[in-house]
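First comes the structure, then the notes that go with it.
Predicted, not measured: the structure shown is a model, and the values here were computed from it.
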Amino acid sequence: MKEYTPVPSDISRFPGGAGDKLVQRAAVEVLNAIYETDFLDFSYGFRPGRSQHQALDALYTGLLTRKVNWVLDLDIKGFLDLVP
């Protein structure tokens with residue numbers, strides 16, 4: 001099996017400036033407006049106005065107010081390091 005070795009990029013090829021940030025922000029706003037409707041109310045990851053603290057509060061409330069048979073906790077740290 002062949003190992004992939006990325007070629008170092010020449011960062012000087014990519015112009016930067018205030019205009020680029022404005023375009024990026026506009027793209028974020030458009031994409032958020034499109035995809036925000038697809039998220040469920042209990043989705044918290046990388047959403048504007050949502051935090052990990054709110055997610056933990058919602059979990060705690062759910063555990064206290066509903067019958068829970070099991071809780072699944074996953075940690076995918078380093079998972080993408082294994083993807084070729």
Side-chain angles (χ1 to χ4, degrees):
M1 181 153 81
K2 210 172 179 185
E3 185 174 315
Y4 172 74
T5 306
V7 179
S9 65
D10 180 11
I11 198 72
S12 64
R13 290 185 298 147
F14 303 104
D20 289 343
K21 295 291 182 188
L22 183 63
V23 171
Q24 288 176 4
R25 187 66 196 157
V28 165
E29 293 297 325
V30 169
L31 293 174
N32 278 341
I34 293 169
Y35 290 110
E36 186 66 25
T37 58
D38 293 338
F39 285 113
L40 299 174
D41 193 41
F42 55 82
S43 298
Y44 286 86
F46 300 104
R47 289 179 67 192
R50 302 256 177 143
S51 71
Q52 68 273 22
H53 301 290
Q54 291 170 319
L56 290 172
D57 287 342
L59 174 63
Y60 181 74
T61 301
L63 290 173
L64 290 179
T65 59
R66 296 191 172 136
K67 181 181 177 189
V68 177
N69 293 321
W70 53 271
V71 174
L72 178 64
D73 179 26
L74 297 174
D75 183 5
I76 61 169
K77 181 181 178 185
F79 170 76
L80 295 176
D81 297 341
L82 303 175
V83 177

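Considering all non-hydrogen atoms of both residues, Thr37 and Ile34 come closest at OG1-O, 3.2 Å. Here the closest non-hydrogen pair linking Tyr44 and Ser51 is CD2-O, 3.9 Å.
The hydrophobic cluster containing Leu64 does not contain Val68, counting ILVMFWY residues as joined when their side-chain heavy atoms lie under 4.5 angstrom apart, directly or transitively.
When side chains are defined from C-beta on, Ser43 does not count as touching Arg50, because their heavy atoms never get closer than 4.5 Å.
With rounding to the nearest 0.5 Å, the separation of CG in Leu59 from CD in Gln54 is 13.5 Å.
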